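Note that ligands are numbered from 1 as they come in the structure, with each ligand's atoms numbered from 1 the same way. Here the structure is a predicted model, which is why all the values come from computation and not from measurement. The residues of the chain are indexed from 1 along the displayed sequence.
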Amino acid sequence: MSDRRKFLKTTMKGGMAIGAASMLPGMLESCSMLSKPSVTPPLFITPATQAPLEYPFNALEPVIDAQTMELHHTKHAAGYAKNLRDAMAAESVPTGTSVETLMGGISRYSVKMRNNGGGHYNHELFWKCMKPNAGSQPSGKLLAAIESGFNSFGTFKSKFTEAAITRFGSGWAWLYMDKNNQLQIASTPNQDNPLMDVSPVKGLPLLCLDVWEHAYYLKYQNRRGDYVDNWFKVVNWEFVQKRFEAAS
Ligand code: MN3
């Protein structure tokens, strides 16, 4: 059974198990949307709790300092996860509902759900997109797709950097796959992401970069460009590549 079918089956079981007839139209809509390749969540499905960080807080030094990582993971991101669970309880969303499902129908929920659901999802993906001693660029099918979509890895890097540094205020930069399985670069404001039905850019996020000041201010202060340049040294291209291959 493909991951997508497994995911849909699990989602539907979750929807049926609670017996809440009022949830079904929403679940069904989400499911039909999730059946498109652009939003199939490959490799993992995000619950409303934080996964353990796969490396120590100081592992990404000197690119990201330990204090920033610790505050970011245990305060900022933990706050989004908690507020998301509170919103899910207040708005009667079954606790087993994946965050991906929630994102696809986020327009039906509160601003609190949108901000904290996005905040939680984006950070869970962000931690996985980084690792210590990372390789400098992707390889295999992902590299080929980047070269065909953006001409070269260098051009991809400049475009992604531009998306990250020109995002006014707080937000995220993305490499994502659109509904035609094409790679795209975009940025979103606040904690929005391409899985959200309210987002003007839609698709499956493959790689994300947090450009909120809390992600870099202690070390880089106002120098977001330096943070973005250095961040490429810790991108976990193996993870992004596996995610890409699972989705395409
Ligand atoms: Mn953040």
Side-chain angles (χ1 to χ4, degrees), residues 41 44 46-88 99-100 102-103 106 111-132 134 160-176 185-196 198-199 201 205-236 239-240 243:
F44 65 91
T46 312
T49 49
Q50 283 185 292
L53 195 62
E54 290 166 15
Y55 40 81
F57 293 129
N58 66 1
L60 303 179
E61 287 195 346
V63 174
I64 301 179
D65 58 288
Q67 191 184 11
T68 295
M69 277 302 294
E70 183 166 3
L71 287 169
H72 201 175
H73 192 270
T74 65
K75 305 292 180 196
H76 294 280
Y80 295 125
K82 184 195 176 296
N83 291 333
L84 168 63
R85 292 192 296 274
D86 290 350
M88 286 170 77
V99 184
E100 285 84 351
L102 209 49
M103 297 291 97
I106 201 65
V111 172
K112 178 176 179 175
M113 190 85 81
R114 174 174 173 173
N115 288 339
N116 291 284
H120 174 62
Y121 176 84
N122 299 351
H123 287 90
E124 289 294 285
L125 183 63
F126 183 52
W127 312 132
K128 290 177 195 290
C129 286
M130 300 185 289
K131 72 169 205 177
F160 189 93
T161 300
E162 193 188 348
I165 60 180
T166 58
R167 164 52 52 196
F168 184 77
S170 299
W172 291 77
W174 303 94
L175 171 67
Y176 68 98
I185 291 168
S187 80
T188 53
N190 306 313
Q191 294 293 357
D192 286 358
N193 64 50
L195 288 180
M196 290 182 173
V198 292
S199 174
V201 292
L206 297 174
L207 171 69
C208 62
L209 171 58
D210 189 343
V211 294
W212 283 58
E213 284 187 346
H214 68 226
Y216 62 87
Y217 203 84
L218 290 179
K219 184 177 169 79
Y220 296 92
Q221 292 86 43
N222 59 315
R223 303 185 309 278
R224 188 190 285 185
D226 291 351
Y227 160 65
V228 176
D229 279 350
N230 276 339
W231 175 77
F232 278 105
K233 296 175 189 159
V234 294
V235 171
N236 185 351
F239 168 76
V240 182
R243 196 167 160 78

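- Taking the six-membered ring for Trp, H72 and W127 have ring centres closer than 6.0 Å.
- With hydrogens and angles disregarded, no donor-acceptor distance shorter than 3.5 Å links the side chain of K131 to the backbone of E54.
- Within the 6.0 Å centre-distance limit, the rings of W231 and F160 are counted as a close aromatic pair.
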- Any chance you could lay out the side chain to side chain contact (heavy atoms under 4.5 Å, CB included) test for V99 and E124, step after step, and finish with the verdict? CA-CA 10 Å; V99 184; E124 289 294 285; over 6 Å; no

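- In this structure, the side chain of R223 does not engage the main chain of Y216 through any donor-acceptor pair within 3.5 Å.
- With a cut-off of 2.8 Å, the protein N/O/S atoms near the Mn ion (ligand 1) add up to 4.
- Among pairs with a residue in residues 57-67, those fulfilling side-chain hydrogen bond (donor to acceptor under 3.5 Å, both in side chains) read D65-T68, at least two apart in sequence or across chains.
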